[in-house]
Amino acid sequence: MKLSSLFSALWPATGDKSGIKRILNPARQRFSGRFDYAQPQRELDPFFIWSAIALLVFGLVMVYSSSIAYAEGSKVSGHSTTFFLMRHAVFLVVGLVAGLVAVQIPLATWQRLSPYLFAIGVVLLIVVLIPHVGREVNGSRRWLPLGIINLQPSELMKLFAVLYAADYTVRKLPDMGSFKRAFLPMATVILFVGFLLLREPDFGAFVVICTIAFGILFLGGLNARIFALLFVVALVGFVLLIWLSPYRRERLFNFVDPWRDAYGSGYQLSHALIAFGRGEWFGVGLGASVEKLFYLPEAHTDFLLAVIAEELGFAGVLTVVVLFAVLVQRAFAMGRRALLLERYYGGLVAQGIGLWFGFQGFINMGVNMGLLPTKGLTLPLMSFGGSGIVANCMALAVLMRIDWENRHVSRV
């Protein structure tokens, strides 16, 4: 079978709901034994809950371990070794409270609110670019100062993009085979968001949001030929963005050989690789990292995994990878179950969040291991950062709501 025929069989060009039903009916029959809704069920998925809790707690411990020396030597922290620990703990509490509120909101309400939330996200991305309003750090204007905290709109935009793209796809299901009616409007909106993100600049968030939006369109039945064209155009566009930007081009060259300029532009990656090398199988011990002692920049944010590798070794890194794999798999399973129950919005939101966590986690891990060019993306649920943690916790809450509604509907 040709690849185009395979895609056409999986994702009908018409994109209507009857096409999705034709895909799901055999699956419903095949999985009916697994999803025996007459049997007693738990209220929530225990594998999902425990993997999420483990990542949040593990992240809190490692943020403290990786930030002790930096906090002690920083004037901002008042030389308190627990400065970043306490702030991260506060962010976690705020995120959990936001999650408790979010999990109470019915999915139908999230769907009605999604266009407005997306519009709010766009407004915040515009506001952050206004001089003397947005806060600039290391040449990037990504934060809005709100008293004692800084809001990073691009992190919230990832969640809003999931909610909006899922709602858009459900509304456009009958037109999924049309380039003009289904793909072009979403592409225009996302390119405008991408323009704002590149003005900050935040190339990493731009890549993640593009992946989320167009990934959900594909999962919702976007014509395979349109998606293939999108992939080629996106690839060419990303290459041009990298090639036409001197600092991005330099990062790419240093990714290929970080030791070429180990004390300059290849500094972060070379020290991350040293951390991985020192960790070996079981690490040098929790708290015993040398690279976090002012050698590895952003040790508690972008390069948290490198500290985990040094202190806990291959075993620690494998634990993180497995926990993320379980979380993403459960998110896609929730989405699959929602689609089987013909709850299309919930299914696409769940799979969109799984795509978000999986893709961003993959990029961060790849950067830390030297498999991908250096990019400023944090490790979801684990790295230090208030806006990211709050957005992640809210996304987990939305997943919990989808899972709960799936189980409630299946009992009816």
Can a donor-acceptor pair be found, under 3.5 Å and without considering hydrogens, that links the side chain of [X] to the backbone of [Y]?
{"X": "Asn368", "Y": "Asn364", "result": "yes"}
{"X": "Gln351", "Y": "Leu219", "result": "no"}
{"X": "Tyr267", "Y": "Tyr295", "result": "yes"}
{"X": "Ser383", "Y": "Thr378", "result": "no"}
{"X": "Asp403", "Y": "Asp45", "result": "yes"}
{"X": "Asn223", "Y": "Met176", "result": "no"}

Between [X] and [Y], which heavy-atom pair has the shortest distance, and what is it?
{"X": "Val63", "Y": "His300", "answer": "CG2-O, 4.1 Å"}
{"X": "Leu377", "Y": "Ala205", "answer": "CD2-N, 4.1 Å"}
{"X": "Ala166", "Y": "Leu348", "answer": "CB-CB, 3.9 Å"}
{"X": "Leu156", "Y": "Ala391", "answer": "CD2-CB, 4.1 Å"}
{"X": "Asp175", "Y": "Ala182", "answer": "O-CB, 3.0 Å"}
{"X": "Leu381", "Y": "Leu56", "answer": "O-CD2, 3.5 Å"}

Q) Which class fits the ring pair Phe179 and Phe183: parallel under 30°, tilted 30 to 60°, perpendicular over 60°? A)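 Ring orientation, 0 to 90° scale: tilted.
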
**Q.** Parallel, tilted or perpendicular: ring planes of Phe91 versus His88, cut at 30 and 60 degrees
**A.**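 Ring orientation, 0 to 90° scale: perpendicular.
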
Is it true that atom [atom1] of [X] has more than 12 heavy atoms of other residues, nucleotides or ligands lying nearer than 6.0 Å?
{"X": "Phe362", "atom1": "CZ", "result": "no"}
{"X": "Phe227", "atom1": "CZ", "result": "yes"}
{"X": "Arg199", "atom1": "CZ", "result": "no"}
{"X": "Arg141", "atom1": "CZ", "result": "yes"}

So how far is it from [X] [atom1] to [Y] [atom2], rounded to the nearest 0.5 Å?
{"X": "Leu304", "Y": "Met62", "atom1": "CG", "atom2": "CE", "answer": "6.0 Å"}
{"X": "Leu55", "Y": "Leu60", "atom1": "CG", "atom2": "CG", "answer": "12.5 Å"}
{"X": "Met334", "Y": "Arg407", "atom1": "CE", "atom2": "CZ", "answer": "7.0 Å"}
{"X": "Ile126", "Y": "Phe195", "atom1": "CD1", "atom2": "CZ", "answer": "10.0 Å"}
{"X": "Arg225", "Y": "Leu229", "atom1": "CZ", "atom2": "CG", "answer": "11.5 Å"}

Q: Can you tell me which residue pairs pass the side chain to side chain donor-acceptor pair (under 3.5 Å) test with a partner in residues 46-59, sequence neighbours excluded?
A: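 Residue pairs passing side chain to side chain donor-acceptor pair (under 3.5 Å), neighbours aside: none found.
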
Q.
Test: side chain to side chain donor-acceptor pair (under 3.5 Å). Region: residues 303-319. Which pairs qualify, not counting sequence neighbours?
A.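 The answer is Ser65-Glu311, Arg278-Glu310, Ser289-Glu310, Lys292-Glu311.
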
Q: Show your reasoning for whether side-chain contact (heavy atoms from CB on, under 4.5 Å) applies to Ile120 and Leu124.
A: CA-CA 6 Å; Ile120 290 172; Leu124 290 175; 4.2 Å; yes

Q: For side-chain contact (heavy atoms from CB on, under 4.5 Å), just list the numbers for Phe384 and Ser66, CA-CA rounded to whole Å, side-chain angles, deciding distance to a tenth of an Å, and then say yes or no.
A: CA-CA 10 Å; Phe384 177 83; Ser66 60; over 6 Å; no

Q: Kindly indicate whether the side chain of Phe48, heavy atoms from C-beta on, has any atom under 4.5 Å from the side chain of Leu327.
A: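 They are in side-chain contact.
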
(Q) Tyr164 vs Phe160, test: ring pair (Phe, Tyr, Trp, His ring centres under 6.0 Å). Steps then yes/no. (A) CA-CA 6 Å; Tyr164 176 73; Phe160 298 160; over 10 Å; no

Q: Could you check Leu197 against Met157 for side-chain contact (heavy atoms from CB on, under 4.5 Å), going step by step and ending with a plain yes or no?
A: CA-CA 10 Å; Leu197 289 169; Met157 196 63 184; 5.8 Å; no

